[in-house]
Amino acid sequence: QVQLVESGGGSVQSGGSLRLSCEVSGHPYGTRCMAWFRQHPGKEREGVASVYMDGTTTYADSVKGRFTISKDNGKNSLQLQMNSLNPEDTATYYCAADLGLGIRSSYFGRCGFDTWGQGTQVTVSS
């Protein structure tokens, strides 16, 4: 069974940093594209950052210069380094991947995504 498992969420004060990680299990092949999405309470899920298989990255305007997405192809894992966090970054963050396993439900950057993690909460206090 393919799973995406996020870790690294938590609570931090404004201006602080957090690093999210996502491990892909049950899928021995590479991924065409992976991304981080987030969902604020009562709002639609939105793309934060994505990385294509050629290394091309895309960022939402709201996080450019503060967040960095990276992918470890050898370990089939994804990270999101978040710096200069502010209360508007408070949300549930989801790891997403295009594994070619099903219908793509959301799109960001160059990719659509068919596999999702369970989410990890990030809370930034002022």
Side-chain angles (χ1 to χ4, degrees):
Q1 181 180 0
V2 177
Q3 283 187 312
L4 304 183
V5 180
E6 301 105 334
S7 61
S11 298
V12 66
Q13 288 191 326
S14 185
S17 298
L18 284 173
R19 185 176 178 86
L20 304 183
S21 294
C22 173
E23 302 288 335
V24 181
S25 64
H27 185 78
Y29 313 105
T31 55
R32 192 174 78 93
C33 197
M34 294 190 75
W36 292 97
F37 284 73
R38 68 185 181 186
Q39 188 167 22
H40 297 93
K43 294 190 177 181
E44 295 288 323
R45 187 167 55 192
E46 62 180 15
V48 174
S50 68
V51 55
Y52 193 62
M53 59 183 180
D54 66 358
T56 303
T57 57
T58 301
Y59 293 93
D61 288 343
S62 59
V63 306
K64 281 181 182 177
R66 301 188 298 121
F67 291 11
T68 303
I69 190 171
S70 58
K71 187 172 181 294
D72 185 334
N73 291 319
K75 297 182 179 180
N76 222 12
S77 65
L78 184 72
Q79 290 77 40
L80 184 69
Q81 178 65 42
M82 305 186 294
N83 298 327
S84 301
L85 286 161
N86 59 63
E88 289 69 41
D89 297 315
T90 295
T92 302
Y93 285 71
Y94 296 90
C95 175
D98 177 2
L99 303 182
L101 299 179
I103 298 173
R104 298 179 178 91
S105 59
S106 292
Y107 291 81
F108 184 73
R110 300 175 62 177
C111 303
F113 302 93
D114 56 24
T115 307
W116 296 84
Q118 79 288 352
T120 186
Q121 180 66 36
V122 171
T123 302
V124 184
S125 59
S126 57

Worksheet entry | Side-chain donor-acceptor pair present, Ser21, Glu23, cut-off under 3.5 Å | no

Worksheet item: Say you draw a straight line from CD of Gln81 to CD1 of Ile69; how long is it, rounded to the nearest 0.5 Å?
Response: 12.5 Å

Worksheet item: For the hydrophobic clusters of this structure (ILVMFWY residues joined by side-chain heavy atoms under 4.5 Å, transitively), does one cluster hold both Met34 and Phe37?
Response: no

Practice prompt. Determine whether the aromatic ring centres of Phe67 and Trp36 lie less than 6.0 Å apart.
Written response: no

Worksheet item: When rounded to the nearest 0.5 angstrom, what distance separates OG in Ser50 from NZ in Lys71?
Response: 12.5 Å

Fill in: Asn83 (side chain) donor-acceptor with Ser17 (main chain) under 3.5 angstrom
no

Worksheet item: Between OG1 of Thr68 and CE of Met82, what distance do you get to the nearest 0.5 Å?
Response: 11.0 Å

Item to complete: Treat each ILVMFWY residue as a node, draw an edge where side-chain heavy atoms are under 4.5 Å apart, and state whether Val51 and Leu20 are in one component.
Response: yes

Fill in: Leu18 with Leu78, same ILVMFWY side-chain cluster at under 4.5 Å
yes

Response to the item:
With Val24 as partner, the option from Thr115, Val5, Asn76 fulfilling side chain to side chain contact (heavy atoms under 4.5 Å, CB included) is Asn76

Worksheet item: Atom CG in Leu4, atom CG in Leu99: separation rounded to 0.5 Å?
Response: 6.5 Å

Fill in: Nearest-0.5 Å distance, OH of residue Tyr59 to CG of residue Leu80
7.5 Å

Worksheet, complete the sentence: In terms of heavy-atom contacts, Arg66 and Ser84 come closest through NH1-O, 2.9 Å

Response to the item:
All heavy atoms of Arg19 vs all of Ser70, minimum pair found to be NH2-OG, 4.2 Å

Worksheet item: What heavy-atom pair brings Gly119 and Glu6 nearest, and what distance separates the two atoms?
Response: N-OE1, 2.9 Å

Item to complete: For Val124, check side-chain contact (heavy atoms from CB on, under 4.5 Å) against everything at least two apart and list the hits.
Response: Val12, Ser14, Leu85, Pro87, Asp89, Thr90, Val122

Practice prompt. Locate the shortest heavy-atom distance separating Gly112 from Tyr107; write the atom from each residue and the value.
Written response: CA-CD2, 3.3 Å

Worksheet item: Step by step, would you call Ser105 with Trp116 a side-chain hydrogen bond (donor to acceptor under 3.5 Å, both in side chains)?
Response: CA-CA 10 Å; Ser105 59; Trp116 296 84; 3.2 Å; yes

Worksheet item: Looking only at heavy atoms, what is the nearest atom pair of His40 and Glu88, with distance?
Response: NE2-O, 2.8 Å

Worksheet, complete the sentence: For Asp114 and Asp98, the nearest pair of non-hydrogen atoms, with its separation, is OD2-OD1, 3.6 Å

Practice prompt. Working to the nearest 0.5 Å, report the span between OH of Tyr94 and CZ of Arg38.
Written response: 13.0 Å

